[in-house]
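Before any comments, here is the structure.
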Amino acid sequence: MPSHVSVSNISNYVGQDIILKGWVYNRTHKGKLAFLLVRDGSGFVQCVAFKGDLQPETFDRITHLPQESSVIITGSVREDQRAPGIPGGYEVGIKDLQIVQAADLDYPMALKDHGPDFALDHRHLWIRMQSQWAILRVRAVVMAATRQWLDENGFVEMSTPILTPAAAEGTTTLFETEYFDEGKAYLAQTGQLYNEANIFAFGKVYCFGPTFRAEKSKTRRHLTEFWMLEPEIAFCDLDQLMDVEEGLITFIAQTVLEKCAAELKFLGRDAVKLENISAPFPRMSYDDAAKHLIDLYEKETDPERKELLKFEWGMDFGAPHETEITKLYDKPVFVYGYPSAVKAFYMEPWPGRPEVCKSVDLLAPEGYGEICGGSERMSDPEKLLARIHKEGLPEEAYKWYLELRKYGSVAHSGFGMGVERVVAWMCGIEHVREAIPFPRTIKRIYP
RNA sequence: UCCUCGAUAGCUCAAUUGGCGGAGCGAGCGGCUGUUAACCGCUAGGUUGUAGGUUCAAGUCCUACUCGAGGAGCCA
């Protein structure tokens with residue numbers, strides 16, 4: 001008999017005696033029959049005790065076991081369609097139960113819905129609940145699939161610094177800290193500029209880590225600390241960049257479908273929505289998107305809706321605009337060629353149309369919106385310097401960045417993917433705060 | 001920063017026109033051999049976010065504040 005068995009492997013032990021180590025998630029009893037729903041980190045399994053099979057004091061212990069007590073259970077595995085759990089369908093007939101610790105009786109997380117304030121104040125306990133467990137397991141699979149696809153496609157992971165001397169995209173949204181005698185340092189809001197250095201050494205790279213933005217955004221799609229994947233590719237134009245994005249996103253969705261079937265089922269996620277995510281994705285120009293939005297705006301009769309949909313060429317999309325564009329398709333859609341004025345300084349201008357740049361956003365369906373934002377980067381040193389001056393950015397801080405264009409400059413492109421947004425989309429949940437173990441929002445840094 | 005909404009038992013919420021603060025879940029005890037957030041009975045559980053005001057009387061009306069949520073802007 002192995003030292004103990006994981007719930008996730010329990011189907012391999014039908015008819016055998018096993019030892020299970022975990023925590024009591026729920027307990028109920030019905031006279032001479034008691035049910036424990038036990039979680040062990042890898043899953044949730046029902047354990048059943050018959051009074052007649054056990055010492056009277058053992059059965060009494062089981063019926064009085066507080067929720068969240070840690071236990072070691074010896075019992076026999078059987079298949080039973082009635083058995084709840086994740087994945088469910090198997091249960092353990094209890095032969096002996098040892099209490100490691102009887103939990104205090106005041107465990108605050110009842111097995112029901114909680115308000116966001118209470119749930120977030122108890123995030124350290126909330127993550128034990130089935131819904132949160134399922135979401136965070138999907139997150140781990142999304143992150144592993146991301147790395148797997150990139151590694152298998154010739155990308156090299158390069159860690160970019162988190163403490164940085166200057167901003168990539170303006171200075172209003174940076175977290176600031178003292179850095180010894182060097183003045184201010186800032187928490188990175190992107191690793192892109194460093195990745196642009198990395199590609200000249202490694203060709204295809206990515207960084208994958210936390211990103212910090214002091215934006216005072218209070219929406220279901222924003223965190224102040226979130227995880228971002230940023231691939232960057234040498235000798236790559238905008239069309240090739242879109243090929244990379246749709247290849248990666250398709251692989252992530254397929255991997256989640258394959259590895260997280262039980263989690264998605266528990267979350268009630270419609271698998272068809274994820275099966276639809278397959279390359280190629282539609283590619284729409286900003287101009288065409290703008291035409292569609294202006295058309296919708298002009299046809300709208302409800303004054304309130306009309307105000308929300310207000311749009312003219314040159315504007316960036318708001319959430320209602322993104323939703324309208326994604327409604328046209330049942331899979332993610334690329335929108336490319338945004339006005340330069342609404343995008344970052346480093347983006348390559350469209351040939352023959354300087355007011356437009358070679359940028360692309362990937363918009364997810366069902367209202368999840370922008371999950372990737374990328375562009376072809378400006379490769380000409382003179383044009384880049386002119387743009388830095390125009391934006392009023394300190395030239396000295398970008399000296400090294402400009403130098404990259406002096407020694408073998410090539411067309412290159414990259415994008416950023418917000419992990420929590422992708423996870424929220426895969427899981428079909430409302431808010432990105434549940435897609436990260438310990439979310440940081442504008443009003444919350446505890447626990 | 002702006003707009004909207006909210007704060008009542010550990011949790012989720014009720015409380016009629018301003019008129020005796022309730023229920024379900026959770027907790028404890030008891031019952032029941034198939035429960036799925038079980039069910040049934042009993043018990044315990046309250047400075048109604050804070051400060052002030054109006055009133056015979058305030059959970060309810062007024063003022064200020066605190067905290068939170070949704071959205072806008074900005075973004076992944």
Side-chain angles (χ1 to χ4, degrees), chain A residues 25-37 44-53 59 63-64 66-68 80-86 88-89 91 93 103-122 125-126 129-131 168-170 172-173 189-190 192 210-230 266 307-308 310 315-320 322 342-344 361-364 368-374 415-425 430-433 435-436 441-444:
Chain A
Y25 185 69
N26 196 12
R27 180 203 64 189
T28 181
H29 49 96
K30 194 173 166 52
K32 299 189 177 73
L33 183 62
F35 301 97
L36 299 179
L37 190 57
F44 294 72
V45 70
Q46 173 162 278
C47 300
V48 186
F50 283 100
K51 193 170 188 176
D53 294 347
F59 188 78
T63 57
H64 290 83
Q67 184 189 2
E68 290 303 315
D80 192 319
Q81 287 309 307
R82 295 171 297 184
I86 306 176
E91 64 181 23
D104 276 2
L105 295 173
D106 57 357
Y107 184 69
M109 302 301 289
L111 299 180
K112 59 172 199 169
D113 292 333
H114 295 280
D117 193 30
F118 179 86
L120 288 165
D121 276 344
H122 296 83
L125 305 175
W126 189 24
M129 288 186 73
Q130 287 178 318
S131 59
E169 314 173 16
T172 55
T173 60
Q189 51 174 224
T190 173
Q192 180 206 314
T211 295
F212 307 89
R213 298 201 182 164
E215 291 162 358
K216 295 194 171 176
S217 302
K218 282 190 61 178
T219 83
R220 68 187 64 185
R221 299 191 311 279
H222 288 86
L223 298 167
T224 56
E225 177 181 315
F226 65 96
W227 277 61
M228 186 156 69
L229 164 78
E230 294 180 277
F266 177 82
E307 184 58 31
L308 275 175
K310 191 169 185 178
M315 283 170 63
D316 205 354
F317 302 138
E322 283 186 356
V342 300
K343 290 290 178 185
D361 285 353
L362 182 59
L363 309 180
Y368 285 96
E370 185 179 347
I371 49 168
C372 297
F415 68 94
M417 178 188 88
V419 170
E420 291 75 18
R421 288 187 183 178
V422 172
V423 172
W425 171 39
E430 281 289 305
H431 204 300
V432 292
R433 67 186 164 214
I436 186 168
T441 60
I442 180 170
K443 287 286 187 183
R444 188 177 295 279

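Chain letters run A, B, ... following the sequence lines, proteins first, then strands; residues in each count from 1.
- When distances run from any side-chain atom of Gln46(A) to the nucleotides G34(B), A76(B), G28(B), the shortest one goes to G34(B).
- A distance of about 25 Å separates the C1' atoms of U16(B) and G49(B), rounded to the whole Å.
- Comparing A9(B) with G59(B), their P atoms sit 14 Å apart, to the nearest whole Å.
- Rounded to an integer number of Å, the gap from His29(A) NE2 to U33(B) P is 12 Å.
- With P as the reference atom, C56(B) and U48(B) are 22 Å apart, rounded to whole Å.
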Look for any protein N or O under 3.5 Å of an N or O in nucleotides 46-50 of chain B and output each such pair with its distance, or none.
none

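- Separating the CG atom of Leu111(A) from the P atom of G24(B) is a distance of 19 Å, rounded to the nearest angstrom.
- A heavy-atom distance below 4.5 Å is not found between the side chains of Glu322(A) and Tyr368(A).
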Close N/O contacts between protein and nucleotides 69-72 of chain B (under 3.5 Å):
from   : atom 1 : to        : atom 2 : distance (Å)
A69(B) : N7     : Lys218(A) : NZ     : 3.1
G70(B) : OP1    : His431(A) : NE2    : 3.2
G70(B) : OP1    : Arg433(A) : NH1    : 3.0
G70(B) : OP1    : Arg433(A) : NH2    : 3.3
G70(B) : O3'    : Arg220(A) : NH2    : 2.9
G71(B) : OP1    : Arg220(A) : NE     : 2.1
G71(B) : OP1    : Arg220(A) : NH2    : 2.6
G71(B) : OP2    : Arg220(A) : N      : 3.0
G71(B) : N7     : Lys218(A) : O      : 3.1

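- The separation between Glu91(A) atom CD and G34(B) atom P is 13 Å, rounded to whole Å.
- Stem list for RNA chain B (at least 3 consecutive Watson-Crick or G-U pairs, distances under 3.5 Å): B:1-7 with B:66-72, B:10-13 with B:22-25, B:27-31 with B:39-43, B:49-53 with B:61-65.
- Residue contacts for His114(A): at a heavy-atom cut-off of 4.0 Å it reaches the sugar-phosphate backbone alone, with no base atom in range.
- With Asp104(A) contributing its side chain and Asp106(A) its backbone, the two residues share no donor-acceptor pair below 3.5 Å.
- Atom CH2 in Trp126(A) sits about 15 Å away from atom C1' in U12(B), given to the nearest Å.
- Here the separation of C42(B) from G6(B), taken at their C1' atoms, is 36 Å to the nearest Å.
- In terms of modelled atom types and a separation under 3.5 Å, the side chain of Arg213(A) and the main chain of Gln189(A) share a donor-acceptor contact.
- The two residues Val48(A) and Leu33(A) come nearest to each other via the heavy atoms CG1-CD1, 3.5 Å.
- Between Gln130(A) atom CD and A37(B) atom P there is a gap of 7 Å when expressed in whole angstrom units.
- Shown here for Val419(A) and Met228(A), the closest heavy-atom pair between the two residues is CG2-N, 4.5 Å.
- The shortest distance between side-chain heavy atoms of Gln46(A) and Asp80(A) does not fall below 4.5 Å.
- Rounded to a whole angstrom, the distance from the C1' atom of C13(B) to that of G31(B) is 29 Å.
- The residue among Val48(A) and Asp316(A) whose nearest nucleotide of RNA chain B lies closer to the 5′ end is Val48(A).
- Judged by distance alone, with hydrogens and angles left aside, Gln81(A) brings no side-chain donor or acceptor close enough to the base of G34(B) to form a pair under 3.5 Å.
- An aromatic stacking contact between Phe35(A) and the base of G34(B) is absent, as defined here by ring centres under 5.5 Å apart and ring planes under 30° from parallel.
- Taking each heavy atom of Val432(A) and Ala424(A) in turn, the nearest pair found is CG1-CB, 4.3 Å.
- Counting heavy atoms from C-beta on, the side chains of Asp121(A) and Arg444(A) come closer than 4.5 Å.
- Within the nucleic acid shown, Met228(A) comes within 4.0 Å of sugar-phosphate atoms alone, with no base atom in reach, counting heavy atoms only.
- Atom CD1 in Ile371(A) sits roughly 13 Å away from atom P in A76(B) (whole-Å rounding).
- Distance check on atom C1': G73(B) versus U1(B) gives 9 Å, rounded to whole Å.
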Would you please test Leu125(A) and Glu68(A) for side chain to side chain contact (heavy atoms under 4.5 Å, CB included) and show each step? CA-CA 10 Å; Leu125(A) 305 175; Glu68(A) 290 303 315; over 6 Å; no
Show which side-chain atoms of residues 220-227 of chain A pair as donor or acceptor with protein atoms under 3.5 Å away, not counting sequence neighbours.
from      : atom 1 : to        : atom 2 : distance (Å)
Arg220(A) : NH1    : Glu430(A) : OE1    : 2.4
His222(A) : ND1    : Thr219(A) : OG1    : 2.6
Thr224(A) : OG1    : Arg440(A) : O      : 3.1

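- Under the 4.5 Å side-chain criterion, counting only non-hydrogen atoms from C-beta, Phe44(A) is not in contact with Asn26(A).
- Under the salt bridge (Lys or Arg N to Asp or Glu O under 4.0 Å) criterion, Glu230(A) pairs with no residue, sequence neighbours left out.
- Across all strands shown, Asp80(A) has heavy atoms under 4.0 Å from base atoms, whether or not it also approaches the sugar-phosphate.
- Across all strands, Leu229(A) comes closer than 4.0 Å to no nucleic acid atom at all (heavy-atom distances).
- Atom C1' of G26(B) sits at a distance of 33 Å from the matching atom of C65(B), rounded to the whole Å.
- At a threshold of 4.0 angstrom between heavy atoms, the contacts of Gly369(A) with the nucleic acid are absent.
- With contacts defined as side-chain heavy-atom distances shorter than 4.5 Å, the pair His431(A)/Pro116(A) does not qualify.
- Comparing the same atom, C1', in G45(B) and in C39(B) gives a spacing of 23 Å after rounding to whole Å.
- Leu37(A) has its side chain within reach of Gln130(A): a pair of non-hydrogen atoms, C-beta onward, lies under 4.5 Å apart.
- In Lys343(A), the NZ atom is crowded: over 12 heavy atoms of neighbouring residues, nucleotides or ligands sit closer than 6.0 Å.
- The Lys30(A) side chain lies nearest to C32(B) when the options are A37(B), C75(B), C32(B).
- Separating the CE atom of Met109(A) from the P atom of C11(B) is a distance of 11 Å, rounded to the nearest angstrom.
- Rounded to whole Å, the distance from CG on Asp104(A) to P on G28(B) is 12 Å.
- Closest contact between the side chain of His64(A) and the listed nucleotides C75(B), G30(B), U33(B) involves G30(B).
- Taking both residues in full, the closest heavy atoms of Met129(A) and Tyr25(A) are given as CA-OH, 3.5 Å, listed atom of the first, atom of the second, then distance.
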Anything under 3.5 Å between a protein N or O and an N or O of nucleotides 4-10 of chain B, put it in a table, one pair a line.
none

